[in-house]
Amino acid sequence: MLIEEIRELISGRLRKDKKLGITQVPDFSLEVCPAEIEGDISTNIAFIMAKQLKVSPPKAGKLIIDTIQNNKTTGEIIQKIELAGKGFINFFITNEKLYKELLEICRKENDYGKQDIGKGKKIQIEFVSANPTGPLHIGHGRGAAIGDSLARILDSVGYDVKKEYYINNRGKQIDLLGESVKARYKELHGEKIEFPDDGYKGEYIKSIADEILDDIKGKEGTQFFKEFAINHILGWIKRDLRDFDVEYDRWFVESDLYKQNEVENMIEELKGRDFIYEENNALWFKSTAFGDEKDRVVVRSDKQPTYLASDITYHYDKFNRGFDKLIDIWGADHHGYVKRVQASIEAMGYSPEALKIILYQLVSLSRAGKPQPMSTRSGEFVTLKEVIDEVGKDACRFFFLIRGANSHLDFDLELAKKQSPDNPVYYVQYAHARICSIFKEAEKSGYRLRTEDSNVDLGLLKESEELNLIKKLAYFPELIALSVRTYDPHWVTSYVQELAKIFHNYYQKHRVITENKDLIFARLFLLQAVKIILRKSLYLIGVNAPERM
RNA sequence: GCGCCUGUAGCUCAGUCGGAUAGAGCAUCUGCCUUCUAAGCAGAGGGUCGGGGGUUCGAAUCCCUCCGGGCGCGCCA
């Protein structure tokens with residue numbers, strides 16, 4: 001935590017200095033310097049404190065620098081402090097501090113930079129949760145990639161994370177699914193049928209019907225077809241997610257909420273809290289009390305609970321299971337739903353922060369520039385399985401996480417296929433494979449690195465490319481903290497590309513296996529650290545780190 | 001009509017709490033393999049950050065307004 005160390009150093013020194021007369025140090029930024037700026041870490045503190053000190057930013061900067069400099073702790077971490085431009089303060093990190101970080105990476109490996117941000121808090125993350133009315137399509141893939149990576153990241157900083165998939169197995173959509181399969185079954189057996197107007201028209205419905213054995217006497221009701229279809233489709237969904245390296249802790253079945261009268265209990269509870277009232281023979285949830293634009297029906301006048309009733313109950317069920325925090329990952333087309341679910345959390349007395357809903361913009365799909373429709377109902381869609389089969393799991397996951405959740409993702413299938421050898425995922429994986437290859441070569445020549453050996457002279461790593469690499473590696477803990485703070489895995493994807501770039505550049509300029517034995521070991525040590533961070537980063541976004549390509 | 005998201009290089013997009021000369025990949029052009037993997041490296045060109053106004057030491061970022069794109073607005077799920 002290089003940046004945090006410097007932050008504490010600055011505020012500590014400023015507080016102690018009586019001359020300045022500061023009681024409280026304001027918030028200030030501390031970031032990695034842009035490439036064209038001389039220096040490693042920069043801060044804007046001079047701008048912020050200028051007013052307080054009643055001087056111009058450059059003068060404030062001078063005062064601050066004077067206060068920090070000439071101190072033993074400062075000297076160990078910071079080699080030089082410079083005032084730049086209109087008031088930025090730039091710090092130069094000592095090589096000794098960088099070597100120390102390097103040592104720590106190799107010693108702690110996967111635990112390097114481990115921060116206990118989560119403190120064992122129970123957090124549940126629910127994602128994909130597509131209705132089992134058809135195979136997963138490419139949009140679900142984005143939700144899966146975001147949810148699973150976020151879970152990995154949160155898990156790595158000390159949260160107790162559980163991943164869950166919510167299965168909607170009741171309601172109109174499911175009835176329609178049953179009707180659709182039933183119709184196709186009859187059709188296959190020579191009966192003339194009228195296919196339901198709004199039924200599911202995809203070819204996959206026929207394939208399900210085709211799986212049904214001929215002998216279904218006594219099971220002609222829609223119920224049989226419904227269950228058969230759900231089970232069949234869930235089988236596909238589970239298989240596709242497994243192929244995508246997504247493992248769930250629990251598959252929660254909606255109808256279970258009704259077995260224990262949980263929905264009735266929810267309604268009674270909210271009635272008691274005066275958030276449910278009756279009007280026109282229906283029960284309404286008073287979501288307007290929490291900023292929703294209108295109240296919402298939870299039980300229709302025909303006594304059927306709505307989808308929202310299940311959803312509210314499901315969230316209560318999660319809290320009752322002891323989770324401190326819930327994360328839902330939804331496609332942006334559900335954004336109209338956010339307010340009412342959020343309202344239900346507050347109605348029950350939970351803090352609004354206890355539920356975080358992450359919306360991801362839908363993936364628009366095109367094939368050679370031609371937009372493709374993506375409706376499950378019409379049956380025209382590209383499945384997640386097709387995409388995984390075509391571009392591979394790694395490229396697919398990487399691609400989904402290369403942008404923030406809020407940006408529209410345009411996925412051109414032809415382009416994705418054509419680009420696959422140039423895909424950035426290979427660039428990163430290649431860096432890892434290259435490092436592995438160097439280690440193999442080194443071993444052939446009898447150089448076998450043992451990181452626990454303390455006689456490797458890291459001081460030999462003097463090239464600017466080497467120091468740059470270490471600085472990038474030392475940023476890893478901050479990167480994780482950033483990803484956690486913003487609930488956004490895409491930072492990891494950007495980082496790992498930058499790290500790979502710095503490595504490839506280094507590889508091109510400097511040879512590891514040379515005549516100088518001490519230098520070989522120092523460089524192997526550095527590469528070992530790069531390998532550890534590459535692997536860890538790739539793991540967090542669910543991408544493999546191959547030893548050979 | 002109302003609400004959410006969005007507009008940055010030819011294309012696809014990054015840009016953390018408002019920071020320095022706005023970045024990356026692709027595409028285009030120019031160099032680099034007798035040496036640890038060329039799925040690589042180095043370099044070049046390419047910008048009124050949708051338009052206008054405001055806030056301030058400083059705005060792609062915050063506020064107002066206009067224009068464009070996506071999505072959502074049921075006693076559907």
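This one's a predicted model, so the numbers in the text were calculated from it and none came from an experiment. Just so it is clear: chains get the letters A, B, ... in the order the sequence lines come, proteins before strands, and each one is counted from 1.
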Next item on the list: Would you mind checking if K501(A) and E498(A) are paired as a salt bridge, meaning a charged N to carboxylate O distance below 4.0 Å?
Entry: no
Item checked: Pairing nucleotide - U35(B), Watson-Crick or G-U, each distance under 3.5 Å -> none
Margin query: Under 4.0 Å, counting only non-hydrogen atoms across every strand here, what does E293(A) touch: a base, just sugar-phosphate, or nothing?
Written below: sugar-phosphate
Check: Is there a donor-acceptor contact under 3.5 Å from the side chain of D488(A) to the main chain of H490(A)?
Finding: yes
Check: What nucleic acid atoms does R340(A) come within less than 4.0 Å of, heavy atoms only: base, sugar-phosphate, or nothing?
Finding: nothing
Checklist line | A38(B) phosphate, OP1 or OP2, under 4.0 Å from Y507(A) side-chain N/O | finding: yes
Next item on the list: Counting heavy atoms from C-beta on, name the nucleotide in A42(B), A20(B), A14(B) closest to the side chain of K501(A).
Entry: A42(B)
Item checked: Inter-nucleotide C1' distance (A9(B), A22(B)), Å rounded -> 11 Å
Note to self: Using a 4.0 Å heavy-atom cut-off, does E441(A) contact any base of the nucleic acid, only the sugar-phosphate backbone, or nothing at all?
What the structure shows: sugar-phosphate
Item checked: Given U16(B), A14(B), A77(B), the nucleotide with the shortest approach to the side chain of Q173(A) -> A77(B)
Note to self: Categorize S42(A) for me: base, sugar-phosphate, or nothing, with a 4.0 angstrom heavy-atom threshold over every strand shown.
What the structure shows: base
Margin query: Taking any heavy-atom pair under 4.0 Å as a contact, classify G87(A): base, sugar-phosphate, or nothing.
Written below: nothing
Notebook entry, point to check: In whole Å, what separates the C1' atom of G10(B) from that of G46(B)?
Noted result: 8 Å
Next item on the list: May I ask you to check if R340(A) and F285(A) form a cation-pi contact, with NZ or CZ under 6.0 angstrom from the six-membered ring centre and within 45° of the axis?
Entry: no
Notebook entry, point to check: Ring centroid separation for F127(A) and Y165(A), is it under 6.0 angstrom?
Noted result: no
Next item on the list: Output yes when E466(A) and R523(A) qualify as a salt bridge under the 4.0 Å nitrogen-oxygen rule, no when they do not.
Entry: yes
Check: Considering only side-chain heavy atoms of M549(A), which listed nucleotide, A39(B), U6(B), U12(B), is closest?
Finding: A39(B)
Check: So what does K339(A) touch, heavy atoms closer than 4.0 Å: a base, only the sugar-phosphate, or nothing?
Finding: nothing
Margin query: If you only use heavy atoms from C-beta on, which nucleotide in C76(B), U12(B), C5(B) is closest to the side chain of Q361(A)?
Written below: C5(B)
Check: Would one find a side-chain N or O of H490(A) under 4.0 angstrom from OP1 or OP2 of G15(B)?
Finding: yes
Next item on the list: Measure from the side chain of Y426(A), starting at C-beta and using heavy atoms only, and say which of G72(B), U16(B), A39(B) lies closest.
Entry: A39(B)
Check: Below 3.5 Å, does any donor atom in the side chain of S29(A) face an acceptor in the base of C17(B), or the other way round?
Finding: no
Checklist line | Axial cation check for F28(A) ring with R7(A), 6.0 Å and 45° limits | finding: yes
Note to self: Under 4.0 Å, heavy atoms only, any strand: does S407(A) hit a base, just the sugar-phosphate, or nothing?
What the structure shows: sugar-phosphate
Next item on the list: Quick one: sort the Y166(A) and F252(A) rings into parallel, tilted or perpendicular, breaks at 30° and 60°.
Entry: tilted
Next item on the list: For A38(B), take OP1 and OP2 only and decide whether either is under 4.0 Å from a side-chain N or O of R434(A).
Entry: yes
Margin query: Judged by each residue's nearest nucleotide on RNA chain B, which is more toward the 5′ side, E547(A) or D488(A)?
Written below: D488(A)
Check: R296(A) near the nucleic acid: base, sugar-phosphate alone, or nothing, with a heavy-atom cut-off under 4.0 Å?
Finding: nothing
Notebook entry, point to check: Do other residues, nucleotides or ligands put more than 12 heavy atoms under 6.0 Å from the CG atom of D302(A)?
Noted result: yes
Item checked: Opposite nucleotide pairing with A27(B), Watson-Crick or G-U, both atom distances under 3.5 Å -> none
Item checked: Nearest-Å distance once atom C1' is located in both A59(B) and C64(B) -> 15 Å
Notebook entry, point to check: What do you reckon, do F88(A) and the base of A20(B) stack, with centroid distance below 5.5 Å and planes below 30°?
Noted result: yes
Notebook entry, point to check: Using 4.0 Å as the upper bound for N to carboxylate O, is an ion pair formed by K356(A) and D328(A)?
Noted result: no
Notebook entry, point to check: Looking only at N and O atoms, is any donor in the side chain of D175(A) or the base of A77(B) less than 3.5 Å from an acceptor on the other one?
Noted result: no
Notebook entry, point to check: Mind checking the P distance from C13(B) to U6(B)? Whole angstroms is fine.
Noted result: 13 Å
Next item on the list: Taking only the side-chain nitrogens and oxygens of Y427(A), find out if one of them lies under 4.0 Å from OP1 or OP2 of C41(B).
Entry: yes
Check: So which of residues 302-311 of chain A are in contact with RNA chain B, with a heavy-atom cut-off of under 4.0 Å?
Finding: T306(A), Y307(A)
Notebook entry, point to check: According to the Watson-Crick and G-U wobble definitions, with both distances under 3.5 Å, which nucleotide is paired to C4(B)?
Noted result: G70(B)
Checklist line | Euclidean distance for C1', C57(B) against A20(B) (whole angstrom) | finding: 13 Å
Note to self: Angle between ring planes, F476(A) versus Y495(A), binned at 30° and 60°: parallel, tilted or perpendicular?
What the structure shows: tilted
Grab the N/O contacts between the protein and nucleotides 55-59 of chain B below 3.5 Å, and write none if there aren't any.
none

Next item on the list: Kindly point out which of C36(B), A77(B), A20(B) is positioned nearest to the side chain of I37(A)?
Entry: A20(B)
Margin query: Output the rounded distance in Å from CD (E254(A)) to P (A77(B)).
Written below: 9 Å
Check: Are K509(A) and C36(B) close enough that a side-chain N or O sits under 4.0 Å from OP1 or OP2?
Finding: no
Item checked: Closest-nucleotide 5' rank along RNA chain B - winner of I513(A) and F28(A) -> F28(A)
Next item on the list: Check every strand shown and say whether A431(A) touches a base, only sugar-phosphate, or nothing at a heavy-atom separation below 4.0 Å.
Entry: nothing
Notebook entry, point to check: Is it true that a side-chain atom of Q52(A) and a backbone atom of I48(A) form a donor plus acceptor pair closer than 3.5 Å?
Noted result: no
Margin query: I want to verify a distance call: between C75(B), U12(B), G72(B), whose nearest atom is closest to the H335(A) side chain?
Written below: G72(B)
Margin query: Using a 4.0 Å cut-off on heavy atoms, which residues in residues 282-290 of chain A reach RNA chain B? List them by number, or say none.
Written below: A282(A), W284(A)
Checklist line | Which nucleotide in G15(B), U6(B), C36(B) has an atom nearest any side-chain atom of W491(A) | finding: G15(B)
Margin query: Counting neighbours of NZ on K51(A) that are heavy atoms of other residues, nucleotides or ligands and sit closer than 6.0 Å, is the number greater than 12?
Written below: no
Item checked: Base partner of C17(B), which must satisfy Watson-Crick or wobble distances under 3.5 Å -> none
Check: Within 45° of the ring axis of Y307(A) and under 6.0 Å from its six-membered ring centre, is that where the NZ or CZ of K172(A) lies?
Finding: no
Note to self: Just N and O in the side chain of R300(A): are any of them under 4.0 Å from OP1 or OP2 of A77(B)?
What the structure shows: yes
Check: What distance, rounded to whole Å, do you find between the two P atoms, one in G19(B) and one in C2(B)?
Finding: 32 Å
Checklist line | C75(B) phosphate, OP1 or OP2, under 4.0 Å from N281(A) side-chain N/O | finding: no
Note to self: Could you check whether atom NZ of K472(A) has more than 12 heavy atoms from other residues, nucleotides or ligands sitting under 6.0 Å from it?
What the structure shows: yes
Next item on the list: Send over the distance from H408(A) NE2 to G68(B) C1', rounded to a whole Å.
Entry: 12 Å
Next item on the list: Please tell me which of the listed nucleotides, C75(B), A38(B), C41(B), lies nearest to the side chain of Y430(A)?
Entry: A38(B)
Check: Of the candidate nucleotides C13(B), A42(B), C75(B), which contains the atom at the shortest distance from the side chain of V297(A)?
Finding: C75(B)
Next item on the list: Calculate the interatomic distance between I502(A) atom CD1 and A24(B) atom P; express it in whole Å.
Entry: 13 Å
Check: Given the P atoms of C33(B) and A38(B), what is the spacing between them in whole Å?
Finding: 12 Å
Check: NA contact type, H432(A), heavy-atom cut-off 4.0 Å: base, sugar-phosphate, or nothing?
Finding: nothing
